Amino acid sequence: MRFDVITIFPEYFESPLEVGALKKARERGLVEINLVNLRDFAFDKHKMVDDRPFGGGEGMVFKPEPLYRAITKLKEGKNPHVVYLSPQGRLLNQEIVRELFEKGHLVLICGRYEGIDERIREHFIDDEISIGDYVVFGGEVAALVVIEAVSRLVPGVVGKKDSVEKETFSQGLLKYPQYTRPREFMGYEVPEVLLSGDHAAIARWRRQKSLEITFRRRPDLLKKAPLSPEDKEFLKKLGWKEE
Ligand SMILES: C[S@@+](CC[C@H](N)C(=O)[O-])C[C@H]1O[C@@H](n2cnc3c(N)ncnc32)[C@H](O)[C@@H]1O
C-alpha cells in the first residue's frame, strides 16, 4: 500500500510514522509513505503556496498551481486515487476505509487555513474525505487517520488476520468487551463464561455482547449489519424492532 501525502508540514508526521505497528509496517515494506512538501512545487522564490481569497474575507487559500504540479508529478506513470481531506467530504467509516485500501495507492492532500482553490477540488481530485463533523486546523491529522485505518487492512500489518476481522465495525457491529488478568479487580469479577474453556459458550457470549453493545450505543449500525435469525431473536428480547 502506498501513500503520497501533500502537506506544508511534513515534519508533522515524523513521530507518528516512527512508532509502533506503522513503523514496523514501513520497515517491512508493507506500507510505503512518501511525504511531499507542497512548497517544493511553488515557483516563486518565497515558496508561496497560499494567497488571499478572491471576493475578500478571512484567511488564506492554497493556490492551484503548486497543488496541480504536485499531483501531476505524483501521477506520472501511476494511477493513484487522489483524496482531499476536508470537513465537507464523505464521512470516513470502515466501509470507506476498505474502499480506499482497495485502491492500493492514495495521494492525500492536506489543506490548511481556508482550504484549497475550488478548481483543484472540482477538476483534479477523485475524492474528499472527512474524519468527522468538526473542523481541525489542517488535513494532516485526517491524513494520519486514513493512513492508520487503511494500513491496518494491509495483510501482515496487524499480527493476526483474525483480530482485524473481528474488530469493531468490521462485521458491522461494535466489538465485545475484553478482560485480562487479574480475575478479580477491586471486587469486580471477570464474567465466568470467559474462564470456562467452553469455546462455543464463549463465542455465543461474545456475539450476544456485540449485539447488545451495538444496540445500546449505535443502534443505527444494526440496520446494515448482517444478522442471523438467532441474532434477531436475541435483539428483540432487548427491545430492538426490525425495520
Ligand atoms: C480550517 S480547515 C478549513 C475549513 C474550511 N474553511 C471549511 O469551512 O470547510 C483547514 C483544513 O483542515 C482540514 N480539515 C479540517 N477539518 C477536517 C475534517 N473534519 N476532516 C478532514 N479534514 C479536515 C482540511 O484539509 C482543510 O482544508
Side-chain angles (χ1 to χ4, degrees), residues 1-17 22 31 33-43 46-75 80-153 168-169 217-218 220-221:
M1 183 77 214
R2 181 183 167 99
F3 303 91
D4 293 311
V5 186
I6 303 177
T7 170
I8 58 166
F9 294 130
E11 65 275 21
Y12 186 98
F13 294 86
E14 276 165 20
S15 69
L17 301 186
L22 210 45
V31 171
I33 301 168
N34 173 35
L35 300 174
V36 176
N37 191 337
L38 184 60
R39 293 193 194 284
D40 293 343
F41 293 87
F43 29 58
H46 302 295
K47 300 271 175 210
M48 229 175 82
V49 293
D50 54 352
D51 210 335
R52 292 188 306 276
F54 278 126
E58 296 293 303
M60 300 293 270
V61 177
F62 277 6
K63 292 161 68 60
E65 307 95 317
L67 276 171
Y68 172 76
R69 294 171 71 192
I71 296 168
T72 307
K73 174 94 179 122
L74 294 169
K75 284 178 93 167
H81 186 64
V82 181
V83 179
Y84 172 46
L85 284 316
S86 152
Q88 300 180 14
R90 298 194 286 156
L91 206 51
L92 191 64
N93 60 27
Q94 194 64 25
E95 218 175 302
I96 297 178
V97 167
R98 179 153 290 283
E99 202 188 293
L100 295 176
F101 161 68
E102 274 156 17
K103 302 286 179 193
H105 181 182
L106 301 177
V107 170
L108 301 174
I109 301 172
C110 307
R112 281 267 156 179
Y113 320 125
E114 284 305 303
I116 68 176
D117 189 286
E118 189 67 13
R119 290 162 292 184
I120 292 291
R121 287 174 75 179
E122 279 181 357
H123 304 292
F124 302 100
I125 64 155
D126 303 313
D127 207 352
E128 285 196 29
I129 295 289
S130 166
I131 54 164
D133 290 341
Y134 43 79
V135 177
V136 293
F137 286 128
E140 286 76 9
V141 66
L144 275 175
V145 169
V146 170
I147 290 171
E148 288 215 7
V150 171
S151 296
R152 291 178 64 77
L153 300 186
T168 286
F169 303 126
R217 297 184 187 172
R218 292 290 308 277
D220 56 301
L221 294 176

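Atoms within each ligand, like the ligands themselves, are counted from 1 in listed order. Note that this is a predicted model, so its numbers are computed, not measured.
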Problem set entry | CZ/Phe43: more than 12 non-hydrogen atoms of other groups inside 6.0 Å | yes
For this session: Enumerate the protein residues lying less than 4.0 Å from ligand 1, judged by heavy-atom distances, in chain and residue-number order.
Result: Tyr84, Leu85, Ser86, Pro87, Gln88, Gly111, Arg112, Tyr113, Glu114, Gly115, Ile129, Ser130, Ile131, Gly132, Tyr134, Val135, Val136, Phe137, Gly138, Gly139, Ala142
Problem set entry | Heavy-atom check, side chain of Phe13 versus side chain of Thr7, under 4.5 Å | yes
Exercise. Is any side-chain heavy atom of Thr168 closer than 4.5 Å to a side-chain heavy atom of Gln94?
Worked result: no
Exercise. Less than 4.5 Å apart, any side-chain heavy atom of Lys63 and any of Val49?
Worked result: no
Exercise. Are Leu144 and Tyr12 side-chain neighbours, meaning at least one heavy-atom pair lies under 4.5 Å?
Worked result: yes
Problem set entry | Residues Glu118, Arg121: salt bridge by 4.0 Å N-O rule | yes
